[in-house]
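One structure below.
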Amino acid sequence: MLPVVALVGRPNVGKSTLFNVLTRSRDALVADMPGVTRDRHYGYCRVGERHFVLVDTGGLADNEEGLAGLTARQVELAIAEADVVIFVVDARDGLLPTDQAILERLRRTSKPIVLAVNKTDGLDESVALADFARLGMAAPLPLAASHNHGTLQLVHAIEALLPEREEEPSSGEDEGGVRVAIVGRPNVGKSTLVNRLLGEDRVIVSDVAGTTRDSIRIPLERDGRKYTLIDTAGVRRRSRVDDAVEKFSVIKTLQSIDAANVVVMLLDANEGVTDQDAGLIGHALDAGRALVVAVNKWDGLKTYDRDQCKSSMQRKLTFVAWAPQVTISALHGTGIGELMKLVNRVHLAANRKLTASDLTRALEAAYAAYQPPLVRGHAPKLRYAHPGGSNPPTIVIHGSRTKHLAESYRRYLENFFRKRYKLDGTPVRIDFREGENPYAGKKKVLTEEQQKDRQRSIRNARRGKR
């Protein structure tokens with residue numbers, strides 16, 4: 001196992017900026033306002049000779065009620081699993097009582113601590129460090145995370161405190177298994193579902209809509225299979241999104257869909273399918289991602305309300321009729337096993353390997369069963385097919401007059417291939433290629449002997465008619 005290093009400090013001291021610099025990513029959401037980060041965010045630091053897992057945490061405040069208290073609980077869990085703690089302070093704000101309170105809390109854990117004095121750019125470093133001398137920390141490190149100044153010295157200080165462990169050749173980042181993004185509107189139960197799957201309070205759950213602001217990736221092993229769960233921020237209608245942080249949260253959610261192998265669209269059974277739900281499903285469809293529709297909060301719903309929800313899904317989800325549906329209760333755990341079975345099934349379908357010979361035979365069978373409508377008196381010819389990729393399965397069909405194929409026939413072929421190869425739960429893309437006539441636009445030039453033969457044939461044909 002790789003050692004773990006946690007970033008801890010007040011809100012808005014630059015922990016997420018430092019996290020992005022050390023992990024060489026943009027995974028953590030950064031904004032010039034306090035309280036953006038709430039959950040634990042994990043990444044891999046490979047800047048120095050020793051690789052380690054880096055944990056970004058929410059800011060600790062004086063008042064730990066409500067969401068602040070839940071955030072503080074996540075920080076405590078990060079500190080508990082960390083081998084080294086990076087205590088980040090703000091040089092521009094100077095030493096505050098909250099900083100002293102946080103350091104006292106850290107000292108009680110007996111964890112090795114590195115003091116990183118951030119935002120020293122434009123300041124006299126010696127003066128900035130002197131302000132924090134009262135903390136009694138040896139060798140505080142000046143830092144300007146936004147400019148990547150002092151980060152290498154920080155990494156060297158971390159390496160000196162890391163325990164001697166046998167590092168594995170791979171960090172597991174590329175061996176995370178199936179990437180499953182859980183998406184939906186605010187307060188439909190995405191974080192509750194993640195915690196239920198993990199069996200612990202890994203992410204913050206609150207009745208306040210929009211509690212999750214960033215996309216959190218969490219490894220999971222279940223029934224011998226590896227997954228990476230991606231808990232995403234809730235997406236509201238664009239007209240209601242005014243806050244800049246929420247706008248970035250929406251962007252991160254859409255990016256998580258693009259990065260996922262399987263998308264679990266979580267619906268609220270009490271509200272059915274909204275236009276925003278359909279829009280998110282449309283984005284997953286455009287990205288070519290395998291899809292499972294999970295209806296949460298199904299338990300305790302009256303028969304009439306269940307019928308209304310089913311009717312809403314039948315009307316509004318016809319464009320993804322191939323996506324399997326499951327009813328669950330993230331709070332009580334019902335339907336979770338069936339949900340994960342569907343995730344495995346659609347992932348298998350999305351990555352199914354197809355061969356050119358079998359696809360061509362299937363195309364011939366589909367063409368024989370139902371031929372395409374005539375185009376200007378001629379029927380389009382579909383000659384052969386071959387695979388064009390997976391996730392989603394892509395089938396390339398070569399023929400003539402394919403540009404004029406009716407949309408209904410394209411859907412027929414898609415449904416035919418889907419049924420033949422059991423491609424449920426994944427989009428199927430068909431790419432038509434039309435062969436060009438090598439003689440198109442070229443005038444045939446005959447030799448003198450060929451012209452004489454042609455005239456002789458014409459004369460013989462006329463004599464035969466007489």
Side-chain angles (χ1 to χ4, degrees), residues 179-194 209-210 212 215 230-242 246-298 301 304-330 335 339 342-343 345-347 349-350 391-392 407-408 410-411 414-415 418 423-430:
R179 295 186 298 276
V180 183
I182 300 174
V183 303
R185 289 176 294 105
N187 214 26
V188 295
K190 299 183 294 299
S191 297
T192 303
L193 175 58
V194 169
T212 303
S215 296
I230 309 176
D231 185 21
T232 63
V235 178
R236 299 189 297 169
R237 288 201 304 270
R238 186 178 301 179
S239 60
R240 293 188 176 183
V241 179
D242 297 324
E246 187 174 356
K247 290 181 180 179
F248 284 116
S249 297
V250 171
I251 293 173
K252 298 282 284 186
T253 296
L254 299 181
Q255 290 174 341
S256 297
I257 292 176
D258 294 334
N261 300 124
V262 178
V263 172
V264 175
M265 181 65 208
L266 201 61
L267 307 178
D268 190 330
N270 296 289
E271 299 182 15
V273 182
T274 67
D275 292 340
Q276 190 61 39
D277 295 324
L280 275 174
I281 293 176
H283 185 86
L285 181 59
D286 292 339
R289 296 296 167 252
L291 177 67
V292 177
V293 179
V295 186
N296 193 26
K297 306 179 184 180
W298 192 255
L301 214 61
Y304 173 78
D305 295 327
R306 290 185 176 183
D307 293 339
Q308 289 293 107
C309 182
K310 291 178 181 178
S311 176
S312 175
M313 294 173 66
Q314 289 176 353
R315 291 194 318 271
K316 297 185 177 181
L317 297 183
T318 54
F319 68 105
V320 286
W322 41 263
Q325 301 173 359
V326 60
T327 57
I328 67 170
S329 170
L339 170 63
L342 291 178
V343 167
R345 194 176 86 189
V346 301
H347 179 257
N391 195 26
E407 186 62 32
S408 58
R410 295 170 183 260
R411 289 196 300 270
E414 179 183 331
N415 292 331
R418 186 186 302 281
L423 301 176
D424 293 332
T426 176
V428 177
R429 291 179 175 171
I430 300 180

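Counting from 1, the numbers follow the sequence of the chain as shown.
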Between [X] (side chain) and [Y] (backbone), is there a donor-acceptor pair under 3.5 Å?
{"X": "D277", "Y": "T274", "result": "yes"}
{"X": "K190", "Y": "R185", "result": "yes"}
{"X": "D424", "Y": "W322", "result": "no"}
{"X": "N296", "Y": "L266", "result": "no"}
{"X": "R306", "Y": "W298", "result": "yes"}
{"X": "R289", "Y": "A260", "result": "yes"}

I need the minimum non-hydrogen distance between [X] and [Y], along with the two atoms involved.
{"X": "A269", "Y": "V295", "answer": "CB-CG1, 3.6 Å"}
{"X": "C309", "Y": "G272", "answer": "SG-CA, 4.2 Å"}
{"X": "A330", "Y": "G189", "answer": "CB-O, 4.1 Å"}
{"X": "R429", "Y": "G288", "answer": "NH2-N, 3.4 Å"}
{"X": "V273", "Y": "A278", "answer": "CG1-N, 4.5 Å"}

Are the side chains of L291 and L285 in touch, meaning some heavy atoms are under 4.5 Å apart? no
Student check: side-chain heavy atoms of T327 and L301 closer than 4.5 Å: no
In a check of side chain to side chain contact (heavy atoms under 4.5 Å, CB included) between M265 and each of V188, V183, I257, which one passes? V183
Please name the residue in the list L423, T426, V263, V292 that meets the side chain to side chain contact (heavy atoms under 4.5 Å, CB included) test with V346.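 Of the listed options, the one satisfying the test is V292.
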How long is the gap from CG on L267 to NZ on K316, to the nearest 0.5 Å?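 Here the rounded value is 11.0 Å.
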Working for side chain to side chain contact (heavy atoms under 4.5 Å, CB included), residues V264 and V343: CA-CA 8 Å; V264 175; V343 167; 4.0 Å; yes
Would you please test N270 and D305 for side chain to side chain contact (heavy atoms under 4.5 Å, CB included) and show each step? CA-CA 7 Å; N270 296 289; D305 295 327; 5.8 Å; no
Step by step, would you call E414 with I430 a side chain to side chain contact (heavy atoms under 4.5 Å, CB included)? CA-CA 7 Å; E414 179 183 331; I430 300 180; 4.2 Å; yes
Within the supplied structure, the quantity of interest is the number of heavy atoms (other residues, nucleotides, ligands) at a distance under 6.0 Å from K310 NZ; does it exceed 12?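 No, the 6.0 Å shell around NZ holds no more than 12 heavy atoms from other groups.
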Q308/S312 under side chain to side chain contact (heavy atoms under 4.5 Å, CB included): CA gap, chis, key distance, verdict: CA-CA 6 Å; Q308 289 293 107; S312 175; over 6 Å; no
